[in-house]
Amino acid sequence: MSFPLLTATAALPALGAVATAAVPAAQRTAAKWLALLVSLATLALAVTVLVRFDPDGERYQLTENHAWIKDFGVRYELGVDGIAVALIALTALLIPFIILAGWHDADPLETGSRRWRPTQGFFALILAVEAMVVISFEATDVFLFYIFFEAMLIPMYFLIGGFGDRAHAQGEETAATQRSYAAVKFLLYNLAGGLIMLAAVIGLYVVAGNFSLTEIADARANGTLHMATSTERWLFLGFFFAFAVKAPLWPLHTWLPNAMQEATAPVAVLITAVVDKVGTFAMLRFCLQLFPEASKWATPVVLVLALISIIYGALLAVGQRDIKRLVAYASISHFGFIIMGVFAMTSQGQSGATLYMVNHGISTAALMLVAGFLISRRGSRLIADYGGVQKVAPVLAGTFLIGGLATLSLPGLAPFVSEFLVLVGTFTRYPVIGVIATFGIVLAALYTLVLYQRTMTGPVKPEVSAMPDLRVREVLVVAPLIVLLIFLGVYPKPVTNIIDPAVKQTLSDVHKKDPRPEVEAAK
């Protein structure tokens, strides 16, 4: 039997989480190094998956299929296509940077009667989230996917509620209350979506008789499995609702600003750059493959909601006074672009959406982690508390600027390519939606440049006059992300070569072809 590479890629961080949590309380540094080494080993396995995957081969590769709960047709079934491989690589790449950036975020701190949770727990929870996200990308059994789609909420709840941002101007007691509120709101929103999805998963089993994505999709394609139109639409809505909450899509987005504001910067990156990608990925893998006709039926409404997310998120980002809430609303706008690309039903749109998932993860990580370093120095998240930082910490200001320019999709940086593909792919089929969505780019330039101007330029405020520049550990976190943003902005082909064949197969599932350009024949 061949080595179960996909299982190992998910199991290693899970085992690492247990081992990290078991490190004695006095050995906090050892726990940090153990978590970092486990994340690097997981990255090595993810690279192995990437190398062994053949973009021109079978749709699902490195497959594993074992009986699990025979009486209910539940199987331990794994497999990856190009979209999943790209997102597994993104996840495994970001986790070491998240761990390094949060190196001191969970160190014990006495503040009145409250004591922070053990350092070991913080890093163990990060590894646990990584394991659950990776297996969610790998699962081709719907029930297996559902279990980890929901299970990842538990460690995320404790990361938000138990290890929140220490930069709070209203006192520790108020901060603890707001952290608890944000964590509970995150959990309730996502649990509600998950419960609705569970009903849809059960309904799918009643109709199909099993949970295998590949078997159900094949049966639908060859005509041996028929769903009534109303049944397919209800099942689609059950799945889509859960994924739209996770994504997050307007109007189901309100948990994200609270969660990102109250979480530490590395955990905020974990939320929006890693966990939320499961929602948009699942729209491609499950909604379009399992319910192709319902997906086309819902497309007009989904596109309108995505468009609202783009404009609404950008407008609210413009008016924010809190740095982390600004990045949160910017992410809502970006997820609107991703969902718009998925449901544009064109190869350019879906390739752009998948590439956007990767590029958004890198750009948001760069911007938010540098913002976290900035906030930890000043002890405030408020934009008004900064000014003139570029004169005292030029490297910090420079990396912050590059992260911000990537967020506004400046040509030459990675997000530009993906955003351009999404807009082109949308415009060819839905020109009005595509034109209106371009206003999101203008607003992105506004909120990004205003943020930089207010925090980094102008007179040096007394509170930041002694601010140190980036330290070696912080440079090691940010520099590789900046390099990736530039490299993929100039040469995205390594990623597009992997995802394009999978996108074409997904597009064929919904029986859609790219519209032909209307060009007058040459006379």
Side-chain angles (χ1 to χ4, degrees), residues 55 81-87 89-90 247 249 273 277 280-281 283-285 288 295 299 302-303 306-307 309-311 313-314 330-331 333-364 405-445 484-510 512-518:
D81 60 2
I83 299 169
V85 166
L87 293 176
L90 171 69
L249 177 68
K277 298 298 188 299
T280 47
F281 162 80
M283 292 179 187
L284 278 167
R285 170 165 281 191
L288 270 60
S295 296
T299 289
V302 175
L303 287 177
L307 183 61
S309 289
I310 292 169
I311 304 301
S331 290
S333 181
H334 296 149
F335 275 104
F337 277 108
I338 294 171
I339 296 169
M340 186 175 73
V342 170
F343 282 87
M345 303 294 182
T346 60
S347 59
Q348 299 99 326
Q350 292 186 353
S351 290
T354 306
L355 186 61
Y356 212 142
M357 293 185 219
V358 176
N359 292 338
H360 173 263
I362 299 170
S363 63
T364 298
L405 293 176
T407 298
L408 64 82
S409 299
L410 183 77
L413 297 176
F416 169 77
V417 181
S418 44
E419 197 164 285
F420 177 78
L421 286 172
V422 167
L423 289 171
V424 169
T426 303
F427 184 83
T428 56
R429 199 180 292 278
Y430 303 98
V432 175
I433 296 289
V435 169
I436 298 174
T438 58
F439 286 98
I441 302 175
V442 178
L443 293 171
L484 275 173
L485 286 174
I486 297 171
F487 175 78
L488 293 177
V490 176
Y491 189 65
K493 189 176 180 181
V495 181
T496 56
N497 281 350
I498 294 172
I499 64 178
D500 281 352
V503 164
K504 291 178 181 178
Q505 291 171 324
T506 302
L507 198 60
S508 69
D509 291 333
V510 290
K512 283 280 190 178
K513 296 181 180 180
D514 289 328
R516 293 186 178 183
E518 298 178 2

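Worth saying up front: this structure is predicted, and the values here are computed from it rather than measured.
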- Message: Looking at Ala502, is its backbone amide N or carbonyl O close enough to the side chain of Asp81 to form a donor-acceptor pair, meaning the two atoms are under 3.5 Å apart?
- Response: no
- Query: Can you find a heavy atom in the side chain of Val422 that is under 4.5 Å from one in the side chain of Ile338?
  - Reply: no
- Is the backbone N or O of Ile310 less than 3.5 Å from a side-chain atom of His334, with the two atoms forming a donor-acceptor pair by type? no
- Message: So does Ser409 get a backbone contact from the side chain of Glu419, meaning a donor-acceptor N/O pair under 3.5 Å?
- Response: no
- Item | Pairwise side-chain contact, Thr354 with Phe281, heavy-atom cut-off 4.5 Å (strictly under) | no
- Query: At what distance, to the nearest 0.5 angstrom, does CG of Leu307 lie from CD1 of Ile436?
  - Reply: 5.5 Å
- Close side-chain approach of Ile441 and Leu408, heavy atoms under 4.5 Å: no
- Whether Thr280 side chain and Lys277 backbone form a donor-acceptor pair below 3.5 Å: yes
- So, Ser418 side chain and Pro415 main chain: donor-acceptor pair closer than 3.5 Å or not? yes
- Work out which heavy atom in Ser333 is nearest to a heavy atom in Ala314; give both atom names and the distance. CB-N, 3.8 Å
- Looking at side-chain heavy atoms only, is the closest gap between Tyr430 and Leu303 below 4.5 Å? yes
- For Ala344, what residues pass the side-chain contact (heavy atoms from CB on, under 4.5 Å) criterion, not counting sequence neighbours? Thr346, Thr426
- Do Phe427 and Leu423 come within less than 4.5 Å of each other through their side chains, counting heavy atoms only? no
- Item | Spacing of Leu87 atom CG and Leu284 atom CG [to the nearest 0.5 Å] | 9.0 Å
- Query: How far apart are the C-alpha atoms of Leu288 and Gln350, what are their side-chain angles, what is the distance that settles it, and do they pass the side chain to side chain contact (heavy atoms under 4.5 Å, CB included) test?
  - Reply: CA-CA 11 Å; Leu288 270 60; Gln350 292 186 353; 3.3 Å; yes
- Query: What's the verdict on side chain to side chain contact (heavy atoms under 4.5 Å, CB included) for Ser295 and Met345, showing C-alpha distance, side-chain angles and the deciding distance?
  - Reply: CA-CA 10 Å; Ser295 296; Met345 303 294 182; 4.0 Å; yes
- Task: State, with a plain yes or no, whether a side-chain heavy atom of Leu485 is found less than 4.5 Å away from one of Ser363.
- Result: yes
- Could you pull out the closest heavy-atom pair between Ile499 and Gly82, with the gap in Å? CG2-O, 3.8 Å
- Message: Using side chain to side chain contact (heavy atoms under 4.5 Å, CB included), reason through Ile83 and Arg285 one step at a time and then give a plain yes or no.
- Response: CA-CA 9 Å; Ile83 299 169; Arg285 170 165 281 191; over 6 Å; no
For residues 487-497, which side-chain N or O atoms pair as donor and acceptor with protein atoms under 3.5 Å away, sequence neighbours left out?
unit_1, atom_1, unit_2, atom_2, d
Thr496, OG1, Pro492, O, 3.4
Thr496, OG1, Lys493, O, 3.1

- Message: Side chains of His360 and Phe335, heavy atoms from C-beta outward: is any pair under 4.5 Å?
- Response: yes
- Taking the side chain as every heavy atom from C-beta outward, state whether Leu90 and Met357 have any pair of such atoms under 4.5 Å apart. no
- Note on the structure: d(Asp500 CG, Ser351 OG) to nearest 0.5 Å is 4.0 Å
